[in-house]
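Scroll down for the structure; my scribbles are underneath it.
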Amino acid sequence: MTAAASQVLDRVLVLEMVRVTEAAAIAASTLVGRGDEKAADAAAVEAMREALNSLYMDGTVVIGEGERDEAPMLFIGEKVGSAIGKGPKIDIALDPLEGTTICATAGPNSLAVLAIAEEGGLLNAPDVYMDKIAVGPGYPEGIIDLDKTPTENIMAVAAAKGVPARDLIVCVLDRPRHEKLIAELRQVGCGIMLIGDGDVAGVIATSDPETTIDVYMGSGGAPEGVLACAALRCVGGQFKGRLLFRNDDERGRAAKWGITDLDKQYDLSELAKGDCIFAATGVTDGSLLAGVKRKKGKMTTESVVMRASSGTVRWVKGEHRTD
């Protein structure tokens with residue numbers, strides 16, 4: 001982190017990021033369990049946009065969410081903030097509603113998520129899929145590698161941890177595309193925690209021993225990969241990612257945002273570098289955060305905000321009057 005980077009992010013107070021994710025989470029919470037993914041996403045997007053535009057900064061959205069699913073979005077390249085052209089230049093990665101299906105069905109681990117960095121600090125990843133593997137802190141550097149097989153990665157992590165492979169728990173998105181991965185992991189003997197959505201929370205869970213998740217594996221959205229890396233930069237861990245392209249349109253989208261090496265394996269520090277701030281607020285209850293709760297005359301929220309330069313993690317419980 002440079003002194004200049006620290007000064008830039010110091011102007012955007014850490015708690016302001018929590019207010020942004022709180023606004024999105026509260027808006028989405030009104031549609032929990034209603035079965036309407038797009039309406040919940042739209043509510044979160046508009047609330048987050050309004051909150052971002054109230055902050056003194058010259059912000060640029062470098063990671064947006066929704067294009068792939070034709071959902072409403074804070075689009076890549078959108079300018080936000082009340083000081084465009086004169087305030088501190090900030091790169092923003094966001095997912096106003098991580099886990100739209102989870103929210104619509106009242107499942108666990110739906111979040112409002114945001115990360116910021118100095119200009120140029122976050123990879124401008126297109127809205128395509130990314131092959132991912134992540135572990136928490138405490139392992140030798142380079143313990144995981146996408147050029148290795150899942151079995152080789154599991155055996156390396158088990159050896160470094162000093163346990164048999166059967167003692168490891170791997171988090172995987174429950175998708176048909178992961179059938180072969182799941183079969184191989186079960187052949188190795190490790191446990192598998194299947195999640196229906198929300199791979200940002202899945203990656204972050206590797207850094208918290210209380211979740212019992214040792215490794216995250218599988219493919220998911222590239223935007224979520226960058227967001228998860230911003231969080232891991234703050235709390236420790238390792239991450240490898242490689243963009244996956246299904247057609248020429250997706251390859252062209254990557255080229256548009258300056259990505260020339262389409263086969264590159266990205267490291268944690270290449271996806272989120274310099275000083276980063278990561279914030280998330282629970283929409284529904286989950287392993288990371290409690291969801292929005294409504295009581296007579298008030299709402300409560302639970303958030304986490306982290307900063308890479310200091311390694312500080314703050315847990316924030318908010319009480320909001322509804323009158």
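These numbers come from a predicted model, not from an experiment.
Side-chain N or O atoms of Asn247 include one that pairs as donor or acceptor with a backbone N or O of Glu250 at under 3.5 Å. Glu319 places no side-chain N or O within donor-acceptor distance of the main-chain N or O of Met299, the cut-off being under 3.5 Å. Side chain of Thr284 to backbone of Gly107: a donor-acceptor contact under 3.5 angstrom is found. Asp199 places no side-chain N or O within 3.5 Å of a backbone atom of Gly202 that could act as its donor or acceptor partner. Thr312 contributes no side-chain N or O that, together with a main-chain N or O of Arg307, makes up a donor-acceptor pair within less than 3.5 Å. Under the 3.5 Å distance criterion, the side-chain polar atoms of Gln238 are matched with a main-chain donor or acceptor of Pro140. Side-chain N or O atoms of Asp275 include one that pairs as donor or acceptor with a backbone N or O of Ser309 at under 3.5 Å.
Taking the charged nitrogens against the carboxylate oxygens, Glu78 and Arg49 do have a contact shorter than 4.0 Å, which makes a salt bridge. Residues Glu270 and Lys264 are paired through a salt bridge, judged by an N-O separation under 4.0 Å between the basic side chain and the carboxylate. Under 4.0 Å is where a charged nitrogen must lie from a carboxylate oxygen, and between Asp248 and Arg251 at least one such pair does.
Asp131 is not listed as a side-chain neighbour of Met217, based on a closest heavy-atom distance of 4.5 Å or more. Using a 4.5 Å heavy-atom cutoff, the side chains of Glu184 and Thr149 are in contact. By the 4.5 Å heavy-atom criterion applied to side chains, Ser287 and Asn109 are counted as neighbours. A heavy-atom distance below 4.5 Å is found between the side chains of Leu94 and Leu52. Residues Leu111 and Leu288 have side chains in contact (heavy-atom distance under 4.5 Å, counting atoms from C-beta outward). Between Val200 and Asp95 there is no side-chain heavy-atom pair separated by less than 4.5 Å.
Applying side chain to side chain contact (heavy atoms under 4.5 Å, CB included) to Asp197 and the options Thr105, Ile102, Asp174 leaves one that passes, Ile102.
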Go through it in stages, so that I can follow the logic: the residues are Val316 and Leu15, the test is side-chain contact (heavy atoms from CB on, under 4.5 Å), and I'd like the CA-CA distance, side-chain angles, deciding distance and then a yes or no.
CA-CA 9 Å; Val316 181; Leu15 285 178; 4.2 Å; yes

Verdict with supporting geometry, Ile204 and Tyr216, side-chain contact (heavy atoms from CB on, under 4.5 Å)
CA-CA 9 Å; Ile204 297 172; Tyr216 180 90; over 6 Å; no

Between Val313 and Val235, does the side-chain contact (heavy atoms from CB on, under 4.5 Å) criterion hold? Intermediate values first, please.
CA-CA 8 Å; Val313 178; Val235 296; 3.6 Å; yes

Might you work through the side-chain hydrogen bond (donor to acceptor under 3.5 Å, both in side chains) test for Arg177 and Ser219, ending with a clear yes or no?
CA-CA 8 Å; Arg177 63 179 181 270; Ser219 61; 2.7 Å; yes

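When all heavy atoms of Ala117 and Cys276 are compared, the pair lying nearest together is CB-SG, 4.3 Å.
Side-chain contact annotation: Thr300 with His320, donor-acceptor N/O pair under 3.5 Å absent. A donor-acceptor pair shorter than 3.5 Å cannot be found between the side chains of Glu22 and Thr281.
By the neighbour-count criterion of 12 heavy atoms within 6.0 Å, atom CG of Asp263 is sparsely surrounded, having that number or fewer from other residues, nucleotides or ligands. In the displayed structure, Arg294 atom CZ is contacted under 6.0 Å by more than 12 heavy atoms of other residues, nucleotides or ligands.
Taking Asp58 as the reference, Lys79, Lys89 meet the salt bridge (charged side-chain N to carboxylate O under 4.0 Å, His left out) condition, with sequence neighbours excluded.
Follow the hydrophobic side-chain contacts under 4.5 Å out from Leu173 and you reach Leu243 in the same cluster.
Under the salt bridge (Lys or Arg N to Asp or Glu O under 4.0 Å) criterion, the residue pairs touching residues 140-165 are Asp147-Arg242, Lys161-Asp214, with sequence neighbours excluded.
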